[in-house]
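See structure below.
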Number of protein chains: 2
Amino acid sequence: MAVIDDVARLAGVSKATASRALSGRGSVADATRQRVLKAAAALDFRASPAAVSLATGRTGAIGVLAPAIDTWYVSTLLRGIAEAALAHDLDIVLYDLGRGAAMRERVFERFLQRHHIDALISTTFALTHREVSRLASIGIPAVALGDGAAGVRSWCLDDERAGTLATEHLLSLGHRRIVHVGGSTVLDESLFAAERLRERGYQRAMRAAGLEPMPTLLHDPTADASYSHALELLRSPDRPRAVFAATDEIAMGILLAARTLGLRVPFDLSVVGVDDHAYAAAFDLTTVRQDPREHGERVVDWLVADLAAPSGDTTHTLIDPELVPRGSVAPA
Amino acid sequence: MAVIDDVARLAGVSKATASRALSGRGSVADATRQRVLKAAAALDFRASPAAVSLATGRTGAIGVLAPAIDTWYVSTLLRGIAEAALAHDLDIVLYDLGRGAAMRERVFERFLQRHHIDALISTTFALTHREVSRLASIGIPAVALGDGAAGVRSWCLDDERAGTLATEHLLSLGHRRIVHVGGSTVLDESLFAAERLRERGYQRAMRAAGLEPMPTLLHDPTADASYSHALELLRSPDRPRAVFAATDEIAMGILLAARTLGLRVPFDLSVVGVDDHAYAAAFDLTTVRQDPREHGERVVDWLVADLAAPSGDTTHTLIDPELVPRGSVAPA
DNA sequence: CTGTTAGCGCCTTCAG
DNA sequence: CTGAAGGCGCTAACAG
């Protein structure tokens, strides 16, 4: 592997000039730059990132802290992040927390230990105060997605509004007994802020319509768990005719259960979800959309700008959800 | 941030001794080691990965090259890789190729440029000869998953056998007109080796049963595309009664289309998929299982061992698929 | 505009 | 077992 000294020698300049020519920082005579560039190409030179990083303090990588990658939300988000990162010539280092937050502390300490990234994107789980100040003290800017944290720039779907939108849609069609099926608080009380907010949106909409919210049904936030719970729910004689599911995955489980039981959607049962999951269209599922892929890109762009010129901005941006009417809902 | 010199000073030893004590390499008197460790803890010392990397040539990270992260196979695999990586105290650097391989060259050059990783895991797309030799020449060991490459250790589902298994299952139940719906070769001829092998397995099983394989139907490998194509297919008067879908996602699209058209599965239509996707159980879909999560862990373990003691092993391991009978199939 | 001189923080011979 | 010295490859001042 050629090193910069080889390039410099071949171009007949000093290491410093070669470095300047290669990096574009500092001024170099045009002719000189061309010579250096040509020499570098000839030698197939590639700067050692470790050396660059040691000298500059920059790594050229950003970290992503996320739970359960094998999930529609996170994987789609990751896709957006990866695309934007590529465009900005940044590596992305992935830290998967799995379900629940057992590994959280360990992961956090570990990636901190290595000063391996220039910035951090945290998703779904809010950063704790301690983590935020820790990050700040070692100078890694952080942003949060999906759940904010004080002192950190964040973007997040207006989950409460999403719940309200979905519920109001059902209400406007004359439904009154609307059941809310929520993503679990089972795993960890502190984690599923989004789900709790969607529930609150539901409750608010119900009360605004003069109705008493019904108790939220909870289980693991997977299509599977939803399916088996829905089987029970829909078998009951006074089964609901309208359901607001906290996520599309849950909604899909309900739809599948309805099919199994021979219920006709939307005539026997109306269902609204949240997400606009990749399968939502095939399920003909009415839902409230969010676009994690676009969010991922947006966040990376912000981070890149902030890295170049720290803004100290810690705004908490709420993203407006949008109802996507499809065929899983009918008038009461 | 404390550096090793601070630790050494606090412990009253030299940098060299501190380094030895901290890394465990080289012998240090027990009492000395304790003192160093205590000093390091007191100072909250963390070695700079850039410096370590520069000095040792190791980065402590492995790269993952994958298409379309927002896909069941890749995201599940990634989950397994991330878990194993955490266990081995390795970072994982993610390179998303998106759909198709447009970014491929760029990504490849880019991660090569930075000698940012100790090893590479490549998925789905086979590495080209040029890439393999390139990797070898700069000394990054690579493994492949999902599609092998000459000169590289690889693991991969026996896709042809998967196709055969699925088809034979249908045949054994008396079906004769079995249609195969395949993941697209539409995107890029050279990429979807797995799909082509599954098709071949189907054809082989048909011929072995004395039947002429029917032409494979192709479209984008998403549930959505599958849904709309299946709508057409199943509306036709001589619609098939048995379908072998190349992936569960495709199978799910077909199942949804059947529901839309009022066909009863499995009585009017039998469907078999491949993958054992997270939703397969909820769809009650008979399928051929593969377990990418487990594969991910296995591959990382191998890589870690190989990093410690290079084996030169370039075996191509075929993973045996397994039929998972569920309710989407009935006798003809 | 360009070369020289110091490091960045750690590991690793080589002596002792 | 331990310390001193040099180097990994690059960039950042500072002169010139």
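So you know, we letter chains A, B, ... as the sequences are listed, proteins then strands, and number each from 1.
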Euclidean distance, atom [atom1] of residue [X] to atom [atom2] of [N] [Å, nearest integer]:
X	N	atom1	atom2	result
Arg58(B)	dG9(C)	CZ	P	24 Å
Asp5(B)	dG9(C)	CG	P	10 Å
Lys15(A)	dT4(C)	NZ	C1'	11 Å

Exercise. Of Ala55(B) and Ala18(A), whose closest DNA chain D nucleotide lies nearer the 5' terminus?
Worked result: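 First, find each residue's nearest nucleotide; the 5'-ward one identifies Ala55(B).
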For this session: Would you kindly compare Ala16(A) and Ala51(B) by the position of their nearest DNA chain D nucleotide and give the one closer to the 5′ end?
Result: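 It is Ala51(B), whose closest nucleotide lies nearer the 5' terminus.
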For this session: For dC8(C), take OP1 and OP2 only and decide whether either is under 4.0 Å from a side-chain N or O of Ser48(B).
Result: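 For dC8(C), neither OP1 nor OP2 has a side-chain N or O of Ser48(B) closer than 4.0 Å.
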For this session: Determine: side-chain N/O of Ser19(B) to OP1/OP2 of dC10(C), distance under 4.0 Å, yes or no.
Result: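 Negative; the distance criterion is not met.
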Taking the side chain as C-beta and beyond, is there a heavy-atom pair between [X] and [Y] under 4.5 Å?
X	Y	result
Leu127(A)	Phe108(A)	yes
Ile117(B)	Ile140(B)	yes
Ile319(A)	Trp155(A)	yes

Problem set entry | Whichever of Leu22(B) and Arg35(A) has its nearest DNA chain C nucleotide further upstream toward 5' |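 Per heavy-atom nearest nucleotide, the more 5' residue is Arg35(A).
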For the backbone of [Y] and the side chain of [X], can you confirm whether one donor and one acceptor N or O come within less than 3.5 Å of each other?
X	Y	result
Asp306(B)	Ser311(B)	yes
Ser48(A)	Ala51(A)	yes
Arg153(A)	Val143(A)	no

Exercise. Can you tell me if Asp70(B) and Thr76(A) form a side-chain donor-acceptor pair at under 3.5 Å?
Worked result: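 There is no such pair (donor and acceptor under 3.5 Å, judged by atom type) between the side chains of Asp70(B) and Thr76(A).
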Using a 4.0 Å heavy-atom cut-off, does [X] contact any base of the nucleic acid, only the sugar-phosphate backbone, or nothing at all?
X	value
Thr56(A)	sugar-phosphate
Arg25(B)	sugar-phosphate
Thr32(B)	sugar-phosphate

Exercise. Within the modelled atom types, does a donor on one side and an acceptor on the other bring the side chain of Arg46(B) and the base of dG9(C) under 3.5 Å apart?
Worked result: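 By the distance-only test, no, there is no pair.
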For this session: At the 4.0 Å heavy-atom cut-off to chain B, mark where contacts on DNA chain D begin and end, going 5' to 3'.
Result: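 Span of nucleotides near chain B: dC1(D) to dG9(D).
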Problem set entry | Nearest listed nucleotide, side chain of Leu54(A), among dT12(C), dC10(C), dG9(C) |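 Of all the options, the side chain of Leu54(A) is nearest to dG9(C).
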For this session: Taking only the side-chain heavy atoms of Ala47(B) (C-beta and beyond), determine which of dG9(C), dC10(C), dG3(C) contains the nearest atom.
Result: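 Looking only at heavy atoms from C-beta outward on Ala47(B), the closest nucleotide is dC10(C).
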